[in-house]
Amino acid sequence: MGFDITAFPIPLWSLLVFYSLFLLFFCLYTIFNVYHLVRFGTYGFELYLITAVFLFGSVVLLAISFTMLSSYDWTTRIPISDYIDTYKSEEFFKGI
């Protein structure tokens, strides 16, 4: 009896880890951009308006994202064997 990777289901929360890394990168990039806009941008109403619109849009998108993702059960596991068995029956994977 050997090791069979299809016996281990993937937890759904593992996808949330990748999304969290993306959000971390997005927040760092936002801080970098807002700092440079305020520090080196042309002073005036337009600068602060564009910065406010950008931050407001980012907060709205993050709130929508959080609302949509909070409805999922993140403890669910995705069985790999269901998908592997389906692909093994196809012509391309006959030798596996």
Shortest non-hydrogen contact from D73 toward L12: O-CD2, 3.6 Å

Give the cluster check for V38 versus L55: same hydrophobic cluster or not, with ILVMFWY residues linked at side-chain heavy-atom distances below 4.5 Å. yes

Minimal non-hydrogen separation, P9 against P79, with atom names: CB-CA, 4.0 Å

Do I78 and V17 sit in the same hydrophobic cluster, where Ile, Leu, Val, Met, Phe, Trp and Tyr count as joined when their side-chain heavy atoms come under 4.5 Å apart? yes

CD1 of I10 to OG1 of T76, rounded to nearest 0.5 Å, is 13.5 Å

Quick check: is I50 connected to L47 through a chain of hydrophobic side chains (ILVMFWY, heavy atoms under 4.5 Å apart)? no

In Å and rounded to the nearest 0.5 Å, what is the OH to OH distance from Y43 to Y48? 6.0 Å

What class does the angle between the rings of F54 and F26 fall in, given that below 30° is parallel, 30 to 60° is tilted and above 60° is perpendicular? tilted

Once the angle between the rings of Y29 and F25 is folded into 0 to 90°, is it parallel (under 30°), tilted (30 to 60°) or perpendicular (over 60°)? parallel

Quick one: does any side-chain atom of W74 pair with a main-chain N or O of L15 as donor and acceptor, under 3.5 Å? no

Check: F32 and L28 side chains under 4.5 Å, non-hydrogen atoms: no

Taking OH in Y19 as the centre, count heavy atoms belonging to other residues, nucleotides or ligands within less than 6.0 Å. Is the count above 12? yes

Cluster question for you: counting only ILVMFWY and a side-chain heavy-atom cut-off of under 4.5 Å, with indirect links fine, are L69 and F22 together? yes

Identify whether F66 and Y72 are in the same connected component of the hydrophobic contact network (ILVMFWY, side-chain heavy atoms under 4.5 Å). no

